Amino acid sequence: MDLNTQIKISTDPIFNKVSKVIPEIEWKIHAPLIHKINKLKKEKNAVILAHNYQTPEIYHGIADFAADSLALAIEASKTSADIIIMCGVHFMAETAKLMSPNKKVLLPDMDAGCSLSSSITGEDVRLLKKKYPGVPVVSYVNTSADVKAETDVCCTSANAIKVVESLGVKKVIFLPDEYLAKYVASNTKVEIISWKGTCIVHEKFTAKEINEIKKLNPGIVVIAHPECPPDVIKASDFAGSTTGMSEYVKKNQPKQVMMVTECSMSDNVQVENPKVDFIKPCNLCPYMKKITLPKILDCLENETNEIIIPENLLEKAKLSVEKMTFIGR
Ligand code: 13P
Ligand code: SF4
């Protein structure tokens with residue numbers, strides 16, 4: 001069978017699924033890459049983990065597992081693959097390495113950062129611990145291994161309140177997302193000492209914008225990520241992690257919905273919920289968008305961009321992520 005026929009056979013079923021969100025002209029470029037990546041990952045016993053913000057050709061075309069950051073961390077600890085390709089950002093690849101230190105973890109673009117992760121260093125946490133002696137540190141998983149090594153327990157947006165309350169204390173240092181800290185503080189009696197990090201994607205949404213869309217689309221259901229400013233969450237009908245948002249749509253099948261989050265999320269969820277009408281005022285994450293099919297293929301072929309964590313950080317940082325996965329969702 002010639003190569004074009006092989007590509008057609010292996011990728012046509014995927015295109016049938018995503019044709020509502022990927023134009024045919026673009027698919028012609030994606031299809032040969034998808035075919036090659038899917039073949040090569042089997043030959044190399046590699047697994048492709050993708051975050052919910054990855055583009056539909058990655059999410060639906062090549063990912064073996066696509067989810068929120070909590071589920072990606074758990075999946076990384078369970079996989080029997082030799083190589084993990086993380087289609088997400090640097091802290092997600094680092095977290096996968098912490099959960100599977102003996103595996104080769106590759107990130108297709110090492111510049112796929114995160115504004116929250118770069119807002120704080122391990123040294124900042126050491127200073128905070130001096131300022132508030134004895135107060136436990138809860139860090140969002142959107143942090144570097146350096147910060148995680150100074151952390152008592154990590155959390156994600158899926159379990160932040162549960163993690164904070166699990167400590168059984170009156171006060172915690174909660175890093176680095178100021179808005180997620182406010183969201184947690186409004187849902188618990190535990191006193192929260194926060195940092196001033198923000199997500200450059202979610203901080204851009206405004207309550208005014210949400211209310212205008214609600215006025216123009218009576219009955220629309222608005223669901224937001226907890227990294228949004230508090231007034232945006234207040235103007236929304238539901239707040240949850242990316243998987244929490246996607247499950248909300250799956251379960252409730254609203255007639256019309258708006259996901260107040262990164263752009264690809266609505267496209268990916270729309271494919272899985274064809275009867276739901278999505279209104280899509282969204283913001284792009286420039287870091288998530290650094291991951292593309294050509295970069296994934298290159299990384300898989302040449303096994304480049306390996307995540308290495310210094311020994312002195314690994315054990316301590318791993319502990320804080322493991323504690324989070326034991327607490328669960
Ligand atoms: P989730 O943990 O909800 O997937 O969010 C990760 C993230 O980077 C959101 O901006
Ligand atoms: Fe970081 Fe925000 Fe991008 Fe998520 S969406 S990776 S929090 S910058």
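One-based numbering along the sequence shown. Just so you know, ligand 1 is whichever comes first in the structure, and atom 1 is the first atom listed for that ligand. None of these values were measured; they are calculated from a predicted model.
- For the residue pair T188/E165, the side-chain donor-acceptor check at 3.5 Å is satisfied.
- Defined by atom type and a distance below 3.5 Å, a donor-acceptor pair is present between the side-chain atoms of Q270 and K280.
- In terms of polar-atom proximity, defined here as any N/O pair under 3.5 Å, S69 does make such a contact with ligand 1.
- Where the criterion is an N or O separation shorter than 3.5 Å, residue side chain and backbone included, S157 meets it with respect to ligand 1.
- Using modelled atom types and a 3.5 Å distance limit, the side chains of S241 and D68 yield a donor-acceptor pair.
- Comparing heavy-atom distances from atom 3 (O) of ligand 1 across H225, M92, M265 singles out H225 as nearest.
- Defined by atom type and a distance below 3.5 Å, a donor-acceptor pair is missing between the side-chain atoms of D12 and N16.
- Look at C285 and atom 2 (Fe) of ligand 2: no N/O/S atom of the residue is under 2.8 Å from the metal.
- Interface atoms of ligand 1 facing Y53, defined by a heavy-atom separation under 4.0 Å, are 9 (C), 10 (O).
- The closest approach between H202 and ligand 1 falls below 4.0 Å for a heavy atom of the residue.
- Atoms of ligand 2 found under 4.0 Å from any heavy atom of N142 (numbered from 1 in listed order, with element): 7 (S).
- At under 3.5 Å, not a single nitrogen or oxygen of S241, backbone or side chain, sits near a nitrogen or oxygen of ligand 1.
- Of the residues K41, K78, K42, the one that meets the salt bridge (charged side-chain N to carboxylate O under 4.0 Å, His left out) test with D64 is K41.
- For S115, heavy-atom contacts with ligand 2 shorter than 4.0 Å involve the backbone as well as the side chain.
- Proximity of E227 to ligand 2, defined as any heavy-atom pair under 4.0 Å, is confined to the side chain (atoms from C-beta onward).
- In H51, the part holding a heavy atom less than 4.0 Å from any atom of ligand 1 is the side chain.
- Interface atoms of ligand 1 facing D68, defined by a heavy-atom separation under 4.0 Å, are 1 (P), 4 (O).
- Salt bridge absent: K318 and E315 never bring a charged side-chain N and a carboxylate O closer than 4.0 Å.
- At distances below 3.5 Å, not a single donor-acceptor pair connects side-chain atoms of K148 with backbone N or O atoms of V321.
- When heavy-atom distances to ligand 1 are checked against a 4.0 Å cut-off, N142 comes that close only through its side chain, counted from C-beta outward.
- Dense packing is recorded around NZ of K204, with more than 12 heavy atoms of other residues, nucleotides or ligands lying under 6.0 Å away.
- Scanning the protein heavy atoms around atom 2 (Fe) of ligand 2, the nearest turns out to be C199 SG, 2.3 Å.
- For D237 (side chain) and I223 (main-chain N/O), no donor-acceptor pair under 3.5 Å exists by modelled atom type.
- Heavy-atom proximity to L116, at under 4.0 Å, picks out these atoms of ligand 2: 7 (S).
- The atoms of ligand 1 that sit less than 4.0 Å from any heavy atom of E227 are 7 (C), 9 (C), 10 (O).
- Looking only at atom types and distance, the side chain of Y183 has no donor-acceptor partner in the side chain of S157 under 3.5 Å away.
- Under 2.8 Å from atom 1 (Fe) of ligand 2 lies an N/O/S atom of C114, whether from backbone or side chain.
- Considering backbone and side-chain atoms together, N52 places no N or O closer than 3.5 Å to any N or O of ligand 1.
- Short contacts between ligand 2 and Y53, defined as distances under 4.0 Å to a heavy atom of the residue, involve ligand atoms 5 (S).
- Between the side chains of N273 and Q253, at least one donor-acceptor pair of N or O atoms lies under 3.5 Å.
- Judged purely by distance below 3.5 Å, without hydrogens or angles, the side chains of N52 and T242 pair a donor atom with an acceptor atom.
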